[in-house]
Amino acid sequence: LTHCIYNQGSRVGCYFLGIEIARSPQGTFLNQRKYILDILKDAGMTGAKPASFPLPKGLHLTVDTGEILFDPSLYRRLVGRLLYLTLTRPDISYSVQLLSQFLQQPRQPHYRAALHVLRYLKGTTNKGLFYSKDNDLQLQTYNDADWGTCRDSARSLTGFCVFVGSSLIS
């Protein structure tokens with residue numbers, strides 16, 4: 001469950017449930033670089049061109065557009081792995097939430113969008129969460145909503161983030 005890395009006798013980081021925890025005098029950094037690399041390898045995308053954003057601009061996925069996947073378990077497994085990755089990568093939370101809406105009957109456009117998320121991750125493997133040692137304990141929250149734009153349900157989609165000082169906590 002836990003594996004620590006040492007450099008010249010001092011601990012520089014530990015892995016816990018696939019999450020790398022690196023401590024420094026400035027604070028603690030959490031990421032899942034190795035987990036991302038494993039996902040890319042399993043998907044055969046280690047040589048893929050990185051993408052700049054988690055999803056293509058203007059992408060609109062629906063439940064009934066595109067050919068149904070022959071083996072939906074591939075899509076479901078990939079989305080499940082991406083869900084776990086959101087622990088340290090809140091930048092993909094919206095994309096993964098969107099992709100998870102199509103688990104019942106995934107189609108080709110859904111799978112292509114999931115692969116696009118992998119291309120984004122390929123270019124951002126070193127991103128994660130940093131918790132500064134010198135945080136002020138001020139709570140800040142932000143939210144956003146797009147009112148009624150879901151084409152399938154006509155429901156609003158809402159996102160939020162919560163910070164303690166400069167550190168993202170939710």
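Values below: every heavy atom of this structure, side chains too, minus hydrogens, waters and symmetry copies. The first residue of the sequence shown is numbered 1, and numbering continues consecutively from there.
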Is the shortest side-chain heavy-atom distance between [X] and [Y] below 4.5 Å?
X      : Y      : value
Thr46  : Leu37  : no
Leu69  : Gln108 : yes
Ile39  : Leu121 : no
Ile36  : Asp38  : no
Leu61  : Leu99  : yes
Leu98  : Ser95  : no
Gln26  : Lys133 : no
Pro106 : Val79  : no

Please assess Thr62 against Arg107 for the test side-chain hydrogen bond (donor to acceptor under 3.5 Å, both in side chains), listing each intermediate value before the final yes or no. CA-CA 9 Å; Thr62 61; Arg107 297 175 178 266; over 6 Å; no
Mark yes or no for whether [X], through its side chain, and [Y], through its backbone, hold a donor-acceptor pair below 3.5 Å.
X      : Y      : result
Tyr131 : Leu168 : yes
Arg119 : Lys49  : yes
His116 : Phe53  : yes
Arg77  : Pro72  : no

Run the salt-bridge test on Asp42 and Arg81 with the 4.0 Å N-O cut-off and return the result as yes or no. yes
Closest non-hydrogen atom pair between [X] and [Y], with its separation:
X      : Y      : answer
Val162 : Leu139 : CG1-CD1, 3.5 Å
Gln140 : Gly165 : NE2-O, 4.0 Å
Tyr75  : Phe102 : CE2-O, 3.8 Å
Arg33  : Thr125 : CB-O, 3.5 Å
Leu78  : Leu115 : CD2-CD2, 4.3 Å
Gln32  : Leu85  : OE1-O, 3.0 Å

Give the cluster check for Phe130 versus Ile92: same hydrophobic cluster or not, with ILVMFWY residues linked at side-chain heavy-atom distances below 4.5 Å. no
Any chance you could lay out the side-chain contact (heavy atoms from CB on, under 4.5 Å) test for Thr141 and Cys161, step after step, and finish with the verdict? CA-CA 6 Å; Thr141 61; Cys161 55; over 6 Å; no
Before giving the answer on side-chain hydrogen bond (donor to acceptor under 3.5 Å, both in side chains), spell out for Asp71 and Ser73 the whole-Å C-alpha distance, their side-chain angles and the decisive distance to 0.1 Å. CA-CA 5 Å; Asp71 184 4; Ser73 66; 2.5 Å; yes
d(Tyr120 OH, Arg89 CZ) to nearest 0.5 Å is 5.0 Å
Decide yes or no on side-chain contact (heavy atoms from CB on, under 4.5 Å) for Thr88 and Tyr35, but give the supporting numbers first. CA-CA 11 Å; Thr88 62; Tyr35 188 70; over 6 Å; no
According to the interplanar angle, ranging from 0 to 90°, do the rings of Tyr142 and Phe163 count as parallel (below 30°), tilted (30 to 60°) or perpendicular (above 60°)? perpendicular
Kindly determine whether Gln105 and Val63 satisfy side-chain contact (heavy atoms from CB on, under 4.5 Å), including the steps that lead there. CA-CA 8 Å; Gln105 195 172 46; Val63 294; over 6 Å; no
Between Leu129 and Leu87, is a side-chain contact (heavy atoms from CB on, under 4.5 Å) present by the stated rule, with each step listed? CA-CA 9 Å; Leu129 297 176; Leu87 291 172; over 6 Å; no
Over-ring placement of Arg23 relative to Phe29, 6.0 Å and 45° cut-offs: no
